[in-house]
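See below for the structure under consideration.
In the text below, chain A, chain B and the rest are named by the order of the sequence lines, each starting its count at 1. If you're wondering where the values come from, they're calculated on a predicted model, not measured in any experiment.
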Protein chains: 2
Amino acid sequence: MPDKILKAFKTAETEKISHLDYFNIAVSVDCVILGYENKQLKVLLIKSDLEEFSGLNSLLGDLVRPDEDLDEASYRILRERTGLNDVYLEQVQTFGRIGRHPSGRVVTTAYFSLLDLHHHQLRLNHNDLHWHPISKIGKLAFDHKDILDSCLLRLRQQVLERPLIFSLLPEKFSLRQLQEVYEAILGTDLDRRNFRKKVSLKDWLVDLNEMESDVPHRPGKLYKLNPALKKRLRGRLKVI
Amino acid sequence: MPDKILKAFKTAETEKISHLDYFNIAVSVDCVILGYENKQLKVLLIKSDLEEFSGLNSLLGDLVRPDEDLDEASYRILRERTGLNDVYLEQVQTFGRIGRHPSGRVVTTAYFSLLDLHHHQLRLNHNDLHWHPISKIGKLAFDHKDILDSCLLRLRQQVLERPLIFSLLPEKFSLRQLQEVYEAILGTDLDRRNFRKKVSLKDWLVDLNEMESDVPHRPGKLYKLNPALKKRLRGRLKVI
DNA sequence: TACAAATATGTACTAAAAACACATTAAACC
DNA sequence: GGTTTAATGTGTTTTTAGTACATATTTGTA
């Protein structure tokens, strides 16, 4: 098998190097799992259990298993950590600096996901897991701050074009709630009238003909995501 | 070291599995190197030397070395294959299906690059390397057709927003040449007057006050890329 | 010198985005 | 129960960007 592999990658430089020099990297997946609460965007972090990063938080990640697709690993991590199966995950970028992991050569692929922090199925499986406001993130373990930033950048670039945001919200929501989520993600104030016009021009929402309740002011109409779009946001993993 | 590594990735599932099960993946880089000639976008391909893919072409790729950053590997491949050092490369996506490489578990990260196919430094280092019009690409080895398509999609999405395209052209070019490149990439015809207006509103071009020569019609003005933008397009690799 | 084939430069029209205003509703308070 | 408060809901106007389209100009060539 080494011969076969070398043949597949034969270049002037690699020919003399043995197969063992190459098949010794670990690949991991790190998930930027975002939620929304109290008008803040939050990310799910875990206390690092590596000495090198004691006291620091890290993203949720794990090594990719030998018999596991890269994308599948991201769904597994999300499921293991949150209990959620049915959530959209998107690959963003791969980080492969030599020294990025203190224990060995680990190349990691970053995914982001948005979910409703109050989802009834959400079960954080570990005491050290916690939601952290992204506006108050300091140092993170590994290169996880870079990973977080790249995912946030991607999210901000795409959030107005694609119906990504709705999995952050409960099934039924008002336009005000929706606007507040956008404002939290983009970090800007939006004009309410222009925002409503923009949203209504897309086919994203369905009017439920219901009203908010328990709000200390005039209640607004409730909407849900157009079911036709929901499929696109669903996880693509075959549920085990 | 195995203990240390396992600690870093401890989850319910991984605890019982040994370090050797994980640090045995190879990571490769595949480069979608695009050039432009005869009003066509072309990609640099090489004949696959794997039996499984005999007769098929593949992208230019290589395994990432143990002591090499992921990004650096992409610049090395470009340099080894084309002789060019000073070229922009951008990471696009990582492909990690289990069975994607017949010889073992290889996760690959795709990069794309645009370069002037008639650049004086360009020296293709192998007889089997050739430029292939993207409009006539059939089957490719591995999952390289998917990789090519994802890079082309990214390119088309970004080419109007960012000054990526200029490395496809010689130093001096006319607006007609520039427009033809855009048309080749986007696969559409553009209105000449609107195109010129759009370009002139950006700060991308510098008028050289020179004219085309050797054209069988009225010569056009020559432009070059605004030098202030050139840095952003340069390769980020420390030249060895 | 007339013609062919480009360049160069608009202008009018249309659609999208941003700025801005007012009437309406329901809860909370006196 | 009337008044206040704080939202919702629905515009209009203005500005900007995008699209469609026309004419004069320059050079090489027959």
### Query
Separation of D189(B) atom CG from dC21(D) atom C1', in whole Å?
16 Å

### Message
Nearest whole Å is fine: how far is dA20(D) P from R196(B) CZ?
### Response
18 Å

### Query
L190(B) CG to dG18(D) C1': how many Å, rounded?
13 Å

### Message
If the threshold is 4.0 Å, N to carboxylate O, is there a salt bridge linking E80(B) and R76(B)?
### Response
yes

### Task
Would you please name every residue forming a side chain to side chain contact (heavy atoms under 4.5 Å, CB included) with R176(A), sequence neighbours left out?
S174(A), E180(A), E212(A), V215(A), H217(A)

### Message
Does K197(A) contact dT12(D) through a side-chain donor or acceptor facing the base, at a distance under 3.5 Å?
### Response
yes

### Query
Could you state the interatomic distance from OG (S28(A)) to NE2 (H101(A)), rounded to the nearest 0.5 Å?
7.0 Å

### Task
With DNA chain D as reference, determine whether G220(A) or D191(A) sits nearer its 5' end, using the nearest nucleotide of each.
G220(A)

### Query
Is R154(B) reaching over with its side chain to a backbone N or O of V92(B), donor-acceptor style, under 3.5 angstrom?
yes

### Task
For L201(A) and dA16(C), give me the distance from atom CG to atom C1', rounded to whole Å.
9 Å

#### Entry: Summary of protein contacts for nucleotides 22-30 of chain C, nucleotide by nucleotide, where a base hit scores B, a sugar-phosphate-only hit scores S (4.0 Å, heavy atoms)
--BBS----

### Query
Rounded to the nearest Å, what distance is computed from the CD atom of residue E212(B) to the C1' atom of nucleotide dA5(C)?
13 Å

### Message
Output the rounded distance in Å from CG (L178(B)) to P (dT7(C)).
### Response
12 Å

### Task
Would you kindly compare K198(A) and L175(B) by the position of their nearest DNA chain C nucleotide and give the one closer to the 5′ end?
L175(B)

### Query
Can you tell me how far C1' of dA16(C) sits from NZ of K202(A), to the nearest Å?
11 Å

### Query
So L78(B) and L115(B), side-chain contact (heavy atoms from CB on, under 4.5 Å) or not? Walk me through it.
CA-CA 10 Å; L78(B) 189 70; L115(B) 53 82; 4.1 Å; yes

### Task
I would like to know whether D116(A) and L122(A) meet side-chain contact (heavy atoms from CB on, under 4.5 Å); could you show each step before the answer?
CA-CA 8 Å; D116(A) 176 11; L122(A) 183 62; over 6 Å; no

### Message
Just N and O in the side chain of R176(A): are any of them under 4.0 Å from OP1 or OP2 of dA7(D)?
### Response
no

### Euclidean distance, atom CD of residue E180(A) to atom C1' of dA6(D) [Å, nearest integer]
13 Å

May I have the list of side-chain donor-acceptor pairs in residues 218-227 of chain B shorter than 3.5 Å, sequence neighbours left out?
| from | atom 1 | to | atom 2 | distance (Å) |
| --- | --- | --- | --- | --- |
| K221(B) | NZ | D207(B) | OD2 | 3.2 |
| N226(B) | OD1 | A228(B) | N | 2.9 |
| N226(B) | ND2 | D203(B) | O | 2.8 |

### Query
When you match N194(A) and Q177(B) each to their closest nucleotide on DNA chain C, which lands nearer the 5' end?
Q177(B)

